[in-house]
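Scope of the values below: all heavy atoms of this structure, side chains included, with no hydrogens, waters or symmetry mates. The chains referred to below are lettered A, B, ... by the order of the sequence lines, with proteins before strands, and numbering in each begins at 1.
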Amino acid sequence: MAGEEDIARITGGDTDPNLEETYMLGFIIANIVGTRHYSGRISGRQNVGLVREPLNRYDSNAIKVLNTRHHQVGNIERSVAAVLAPLIDDNSIKIEGIVPNNKKGGNFYKIPCQIHVFASGLEMDRVYNEIVDGGLQLIRTDEMGIGVSEAAVVKEGVVDDGKRLDEVFKGVEEVGKLEVMEAPREVVKSELFLHQKEGLGWLVGREREGVLPPFWVEKSDGLFVNEVTKFETRQRPEAMCGGIFADDMGMGKTLTLLSLIALDKFGSVDSGVCSGRNAGSSVVDKGCEESNVFGGKKSNLFGGKNTKKRKGGKMVDNVKKKQKGKGGLKSEGLSVDNVVDYVISRSTLVVCPPSVFSTWITQLEEHTNPGKLKVYLYYGDRTNDPMELTKYDLVLTTYNTLGSEDSSESPAFRVNWLRVILDEAHIIKNGNAQQTRAVNKLNAKRRWVVTGTPIQNGTMDLFSLMVFLRYQPFANKSYWNTLVQRPIDIGDKIGLSRLQAIVSTISLRRTKDRDLTGLPEKIMEICYIDLSAEERELYERMEGEAKSVVQDYITANRVTSNYTTVLSIILRLRQICTDVALCPTDLFASLSTGNIEDLTNNPELLTKMVAMLEDGEDFDCPICISTPTNIVITRCAHIYCKSCILKTLKCAKPCCPLCRHELSESDLFFPPPEVSNVTEVPSSSKSTKVSALLKLLSISRDQDPARKSVVFSQFRKMLILLEEPLKKAGFKILRLDGSMNAKKRAQVIKDFDVPGPDGPTVLLASLKASGTGVNLTVASRVYLLEPWWNPAVEKQAMDRVHRIGQTKEVRIVRIIARNSIEERILELQEKKKRMASEAFDRKGGLKDQREIKIEDIRTMISL
DNA sequence: ACCGCCGGGTGCC
DNA sequence: ACCGCCGGGTGCC
């Protein structure tokens, strides 16, 4: 659709060969200005869309800022836009925006925004110079210690992409309990199989109106929050009707879909399908208006004026849109069509390859009573009247028919279908822009993608899929790039796991042979966490120490004789990743403040700072986009983390990233103790990892209160530390550790068998505590708090749960601190696995897997 | 009076 | 909008 092209064009698009390998060059902090003039609001930390407006009448360099709902928030301040716009326009860079949490920090007229700048590897220097020469302060991410490792994996990530995309559906199979739904027997004369009834129930459920779309939650105060974008609104978001139906081939998808279509006509009164339909046009059309932000033509046409007659699918509207001039409209994402007539229809359009026509026809003949469903085969040339198409319950057409037509002429595009189904959608090959564009032009609230093969690379690309499904905010190119594409490109695993989450919430995929294997599936997941700023600071210092100590030993060739010292330093690093409380308390006693004054002698600044902090609202350091640690205020009254601003001042012409005033270390001030105390009090007693675990467990409990989980840690103290917060969160827990005698252990395991939610649902276990015979198959979730040094030990832990007798799908979640020794331990695990298979072939060459070599130590502390 | 300074008008792009 | 910036009014102390 127009909007998609618009953004693609504006940000350089994905297919531009010059930008195939882009790196994050760094970021600029710029103000969003003019917020008074627009309705779009921003609350909390949020990604924003940055869209070029070459035809802005005041400034051809203009870059507008959109919030998650595509409402304009403002513009990027002129001076910054002036530098960036030419680089964007000649495809030298792509940009993405993120706004820090700033409920009260900035003033009302402008909002700071981090603009992330991406450029191809070859262009980095040129682009860097142009930005800096343009007077902007480009904060290099590598200087902040974020970018280096990302850059290093770029190549690998890209090469690997296709294979890894195959895994998209890995997370889908946990279907949980599906509601069974019967097909209307007036139409469907065959009895459906159980899985088909479940499939039908799922389809109906996904078309239900009034259900919040994925990732939206309703807060108690009537506020709706999108968990991905943090966008908040009081207006209830429209349901997302449809999804991806990806059962294996031969499971009867077509019949299930026919049953769904039959329900349109013969559904029981109380079924969810009907509520949407009976509520009539207002519901459906409002949905169109809301969800199709870029499809301006539709929202313009239907907005608020569809109380007209509508019986039997009559013509409803005939509004002429003024053509404001081609370019102008395009840049606004509007259609350039002169006149568009829409016909409201209650029929379903099925788009499929010609070979699948016969499947539909055969299924109709075999399983439905004759004459109950009226079908029309549409090749595009038999009628020019959209009304004709609405007379049928089912219109079958092909991708080629749609792709080769002129959309403004074709009646298929002038019908507002009840439902559009893309059958065997994988035949739309990646890059088939014509067909992709055509299907995206189809109008329907209910949109389905049906495929018998897993979504993978080479299929209609996933972004187009999001666009087709109107799956906001992922159907917006900039959000898609920020949230999914970019992380995948740079090899960040969060990209793939997000993708899995995004896809799985709207997908149903069941395989024919899933009951043939003895054991239910075991799904491995990694939950990455980012250490809090405090933890990070401790970690960095510890790692610095580790590096220098180990380096000294290495140069002195005395590593082996100091093995325990080295291992204990590594142990500390690992402990910090899990919970700083695991370390001896005196370890980090000394805290140097450097030579930054406090504010006691600077009353005006003090007043400002107090004013900002007093309002109590948390706000983010605009550099690291998280709650500031060691708060520092600049002479120009902007607030940062001490370490963030110090790093950015290490450039050629140091200035404040927010207002670009010249700045040196002597312009930085600490708040006086009593002020800083106010903000430091809420510093968490729970570690980041513990909080993450709690969250995961709560989510799991919400899904299934009876579900049982086992949490493994190798630190006994950790198991004990977990008890309080878990109990506080309402979990019934048990602990199994090495200090218990055999009898006690057996009792714990027996107690764990009592079914939840009345029985215990979480078992805190240390690996050593239990012999190989322990059976924990009552649980179906495993959380590994730390990566185990030896992968075989991890496997052992999982096998306690995933073993004969397990009837449920098992999900194994490893909680890993990003950019830490833990990530490197994962790498080493992979290496070990490879080596293990090699060592096995080479007889006699079996090396001790437990041995930690100097090289491994170097890897772990990235020396 | 080709400056400095004052204070009112003003406010995205 | 408690700022910055612009441009007109003004002009010793």
Side-chain angles (χ1 to χ4, degrees), chain A residues 6-7 9-11 28-42 46 48-67 69-89 93 95-100 102-115 117 131 134-137 324-325 327-334 478 599 602-617 619 622 633-640 655-663 667 669 671 675:
Chain A
D6 197 36
I7 290 185
R9 179 171 59 80
I10 279 157
T11 58
I28 293 155
I29 298 177
N31 286 309
I32 302 168
V33 293
T35 54
R36 269 294 168 79
H37 304 269
Y38 303 98
S39 61
R41 295 283 171 263
I42 296 239
Q46 201 176 116
V48 288
L50 299 176
V51 179
R52 275 282 288 126
E53 274 187 297
L55 296 160
N56 185 297
R57 50 186 284 217
Y58 302 98
D59 182 358
S60 62
N61 288 323
I63 299 171
K64 66 179 169 184
V65 181
L66 309 179
N67 68 15
R69 304 288 293 261
H70 317 285
H71 294 141
Q72 183 166 2
V73 178
N75 285 82
I76 294 299
E77 55 186 318
R78 199 184 195 105
S79 57
V80 175
V83 179
L84 296 182
L87 292 167
I88 296 167
D89 294 344
I93 60 169
I95 57 173
E96 292 169 3
I98 178 166
V99 171
N102 200 350
K103 294 209 169 101
K104 187 66 198 193
N107 70 37
F108 197 59
Y109 302 92
K110 41 187 178 182
I111 302 167
C113 170
Q114 257 193 27
I115 303 179
V117 180
I131 291 175
L136 303 186
Q137 186 184 20
K324 284 197 253 169
L329 279 165
K330 259 215 135 155
S331 76
E332 294 299 323
L334 298 177
S478 28
L599 264 181
N602 196 331
E604 311 124 68
L605 262 185
L606 177 61
T607 317
K608 284 183 185 169
M609 187 148 185
V610 171
M612 288 177 99
L613 299 179
E614 242 172 17
D615 278 318
E617 294 300 349
F619 56 90
I633 188 168
T634 63
R635 197 174 288 285
C636 47
H638 294 110
I639 287 181
Y640 302 96
C655 64
C656 173
L658 272 174
C659 66
R660 287 182 272 288
H661 269 80
E662 264 184 50
L663 222 55
D667 297 311
F669 302 92
V675 176

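Nearest heavy atoms, I639(A) versus P622(A): O-CD, 3.4 Å.
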Nucleotide N/O to protein N/O under 3.5 Å, stretch nucleotides 9-13 of chain B:
| unit_1 | atom_1 | unit_2 | atom_2 | d |
| --- | --- | --- | --- | --- |
| dC12(B) | OP2 | H37(A) | NE2 | 2.9 |
| dC12(B) | O4' | G34(A) | N | 3.2 |
| dC12(B) | O2 | N75(A) | OD1 | 2.9 |
| dC12(B) | N3 | Y38(A) | OH | 2.8 |
| dC13(B) | OP1 | R78(A) | N | 3.0 |
| dC13(B) | O3' | D59(A) | OD2 | 2.5 |
| dC13(B) | O2 | N56(A) | ND2 | 3.3 |

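Annotation: side chain to side chain contact (heavy atoms under 4.5 Å, CB included) contacts of R36(A) (sequence neighbours excluded): F108(A), Y109(A). The side chain to side chain contact (heavy atoms under 4.5 Å, CB included) check on S79(A) picks up E77(A), R660(A), with sequence neighbours excluded. Not counting sequence neighbours, D59(A) has no partner by the side chain to side chain donor-acceptor pair (under 3.5 Å) test. Residues forming a side chain to side chain donor-acceptor pair (under 3.5 Å) with Q137(A) (at least two apart in sequence, or on another chain): none.
With C1' as the reference atom, dA1(C) and dC5(C) are 12 Å apart, rounded to whole Å. When the P atom is used for both dG8(B) and dC3(B), the distance is 25 Å, rounded to whole Å.
Across every strand in view, dG11(C) sits in a pair with dC3(B) that passes the Watson-Crick or G-U test at under 3.5 angstrom.
Between the CG atom of N31(A) and the C1' atom of dG4(C) there is a distance of 13 Å, rounded to whole Å.
Checked by atom type and distance alone, the side chain of E53(A) never pairs as donor or acceptor with a backbone atom of L55(A) at under 3.5 Å.
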